[in-house]
Engineer: 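Provided herewith is a single structure, encoded as structure tokens, for subsequent inquiry.
Note that ligands are numbered from 1 as they come in the structure, with each ligand's atoms numbered from 1 the same way.
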Amino acid sequence: NDFLLLGVEIPRYVRVNTLKTTVEDVIDYLKREGFSYQGKANQLGDLCSLSGKTFMNDLHLRDLLVFSAKMDFHNHYLYKAGHIILQDKASCLPAYLLDPPVGGHVIDACAAPGNKTSHLAAIMKNKGKLFAFDIDTKRLSTMSTLLLRAGVTCHQLANEDFLKVDPLSPAYKDVTHILLDPSCTGSGMVCLHDGNPEEQEQDPERLKALAGFQLRCLNHSLKFPKLQHLVYSTCSVHCQENEEVVSACLEKNSDFRLVHLLPEWPERGCDPLIQCLRASTTKTFTHGFFVAMLERQATPNTESF
Ligand code: SAM
């Protein structure tokens, strides 16, 4: 089940779980198994040059290793032991960009099956509090298994509708960072269909309903009183679920602004939201994805005048 689209194959990305091991130890382990390490990629095109048992370090994300599209680690010891997480590069961007502090209080609003939660926990070095919500019981039980295997201990899982979580509850009074990765059409996921994601048939009613839900989640997130940074992401290619949701939210929340993400990243949000990132099979060699980061603007200190 290689991800093949219009002649472009997506490399296999492997995130090293730094809660259990180090990038250096994983590289050494693989070298002993006959893999050939090529060093760090210099340019995006390098990621598509891999074949056989060659691999390299990604050029943007330090903890990410890149393999040829044909490689499959599902039965590998390092995966079964939770030392590596099989996660597309684009889906590693939200936690990497949110970059919550060690010991901080963080919410993962729509968390299951938990790949981004385990990434957040790794960045937080398992210290602090990571509140993870999901409405789907079955997905949450998969998530518990995944987090256990990954050695995550700083989390509190809740089977709750995020929209019903009270932002003013004392439990969340120190939450400064939120990752919001809500349900979306999934139109960026190459494996779901054979055609170009942008040419897929779309159900306008479903798209409208999802965009409405995403905007409600985003507006709700900004009500947490100490919130400083929020990352919003989808695996959709549709503007209605991405730039339009973010623009509508910012119109209502003038105390937040967009952060200009990774200036060197080649694919930007649709004009005028060029501070945001997009990802695609053809430009970034990943699944289709969108990421925005909002930050609370400093309140002007009127007393000093
Ligand atoms: N962030 C996850 C990861 O990286 O593994 C993927 C999240 S998936 C795109 C969206 C999730 O939102 C689904 O698991 C779905 O059950 C959950 N969800 C949908 N509506 C929700 C709600 N009202 N409150 C909390 N979670 C919700």
Engineer: Is the gap between the ring centers of Tyr79 and His74 under 6.0 Å?
Structural biologist: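 Yes, close enough.
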
Engineer: Can you tell me which portion of Cys235 lies within the under-4.0 Å heavy-atom range of ligand 1? Options are side chain, backbone, both, or neither.
Structural biologist: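 No part of Cys235 is near ligand 1 at this cut-off.
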
Engineer: Mind checking whether Lys116 contacts ligand 1 via backbone (N, CA, C, O), side chain (CB onward), both or neither, at a 4.0 Å heavy-atom cut-off?
Structural biologist: both

Engineer: Within a distance under 4.0 Å of any heavy atom of Asp136, pick out the atoms of ligand 1 and give their elements.
Structural biologist: 16 (O)

Engineer: Consider ligand 1: state whether an atom of it lies below 4.0 angstrom from any non-hydrogen atom of Leu163.
Structural biologist: no

Engineer: On a heavy-atom basis, I'd like to know which of Asn115, Ile135, Leu210, Thr137 is closest to atom 27 (C) of ligand 1.
Structural biologist: Ile135

Engineer: Kindly indicate, with the supporting measurements, whether the criterion salt bridge (charged side-chain N to carboxylate O under 4.0 Å, His left out) is fulfilled by Glu243 and Arg278.
Structural biologist: CA-CA 10 Å; Glu243 290 85 351; Arg278 273 181 172 256; 2.8 Å; yes

Engineer: Applying a heavy-atom cut-off of 4.0 Å, say which part of Cys184 lies close to ligand 1: side chain, backbone, both or neither.
Structural biologist: neither

Engineer: At under 4.0 Å between heavy atoms, which part of Cys217 makes contact with ligand 1: side chain, backbone, both or neither?
Structural biologist: neither

Engineer: Considering distance alone, does some N or O of Phe213 sit under 3.5 Å from an N or O of ligand 1?
Structural biologist: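 Checking ligand 1 against Phe213, no N or O pair falls under 3.5 Å apart.
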
Engineer: List every atom of ligand 1 that sits less than 4.0 Å from any heavy atom of Asp161, numbering the atoms from 1 in the order shown and giving each element.
Structural biologist: 22 (C), 23 (N), 24 (N)

Engineer: Output yes when a side-chain donor or acceptor of Arg296 lies under 3.5 Å from a complementary backbone atom of Gln228, and no otherwise.
Structural biologist: no

Engineer: Look at atom 15 (C) of ligand 1 and find which of Asn159, Asp134, Thr234, Thr117 reaches it with the closest heavy atom.
Structural biologist: Asp134

Engineer: Mind checking whether Met143 has a heavy atom under 4.0 Å from ligand 1?
Structural biologist: no

Engineer: Could you tell me whether a side-chain N or O of Gln275 sits under 3.5 Å from a main-chain N or O of Val259, the two making a donor and an acceptor?
Structural biologist: no

Engineer: Is the shortest distance from a Lys or Arg side-chain nitrogen in Lys89 or Asp58 to a carboxylate oxygen in the other one below 4.0 Å?
Structural biologist: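 Salt bridge between Lys89 and Asp58, a charged N being under 4.0 Å from a carboxylate O: yes.
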
Engineer: Taking a hydrophobic cluster as the set of Ile, Leu, Val, Met, Phe, Trp and Tyr residues connected by side-chain heavy atoms closer than 4.5 Å, whether directly or through intermediates, do Leu230 and Leu179 fall within one such cluster?
Structural biologist: no

Engineer: Below 4.0 angstrom from a heavy atom of Glu160, which ligand 1 atoms are there? Numbered from 1 as shown, please.
Structural biologist: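 It comes down to these atoms of ligand 1: 24 (N), 25 (C).
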
Engineer: Is the ring pair Tyr77/Tyr29 parallel, tilted or perpendicular, if the boundaries are 30 and 60 degrees?
Structural biologist: parallel

Engineer: Please list, in number order, the atoms of ligand 1 under 4.0 Å from a heavy atom of Asp181.
Structural biologist: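 Under 4.0 Å from Asp181, ligand 1 has these atoms: 1 (N), 2 (C), 4 (O), 6 (C), 7 (C), 8 (S), 9 (C), 10 (C).
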
Engineer: Quick check: Phe67 with Phe55 (ring centres under 6.0 Å apart)?
Structural biologist: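 Centroid distance Phe55-Phe67: below 6.0 Å, so yes.
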
Engineer: Hey, is ligand 1 close enough to Asp108 that some N/O pair sits below 3.5 Å?
Structural biologist: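 There is no such contact.
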
Engineer: Ignoring hydrogens and geometry, is there a side-chain-to-backbone donor-acceptor pair from Arg257 to Ser254 under 3.5 Å?
Structural biologist: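 Not confirmed, Arg257 side chain does not pair with Ser254 backbone.
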
Engineer: For ligand 1, is there an N or O atom under 3.5 Å from any N or O atom of Gly114?
Structural biologist: yes

Engineer: Kindly indicate whether a cation-pi arrangement holds for Lys31 with Tyr37, taking the cut-offs as under 6.0 Å to the six-membered ring centre and within 45° of the axis.
Structural biologist: no

Engineer: What I want to find out is whether Arg62 reaches Glu24 closely enough, with some N-O distance under 4.0 Å, to be called a salt bridge.
Structural biologist: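 Between Glu24 and Arg62 there is a salt bridge, with a charged N closer than 4.0 Å to a carboxylate O.
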
Engineer: Which ligand 1 atoms are under 4.0 Å away from a heavy-atom of Pro182?
Structural biologist: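 Here the atoms of ligand 1 in question are 9 (C), 10 (C).
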
Engineer: Which residue and non-hydrogen atom of the protein lie closest to atom 24 (N) of ligand 1, and at what distance in Å?
Structural biologist: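 Protein heavy atom at minimum distance: Phe162 N, 2.8 Å.
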
Engineer: Distance to 0.1 Å, residue and atom name: give those for the protein heavy atom nearest to atom 19 (C) of ligand 1.
Structural biologist: Ser183 OG, 3.2 Å

Engineer: Which is closest to atom 2 (C) of ligand 1 in terms of heavy atoms, Ser91, Ala109, Ala111?
Structural biologist: Ala111

Engineer: In terms of the angle between their ring planes, are Phe162 and His220 parallel, tilted or perpendicular, with boundaries placed at 30° and 60°?
Structural biologist: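 Judged by the thresholds at 30° and 60°, the geometry between Phe162 and His220 is perpendicular.
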
Engineer: Do ligand 1 and Ala112 have nitrogen or oxygen atoms that lie under 3.5 Å from each other?
Structural biologist: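 Yes; the residue has a nitrogen or oxygen that sits under 3.5 Å from a nitrogen or oxygen of the ligand.
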
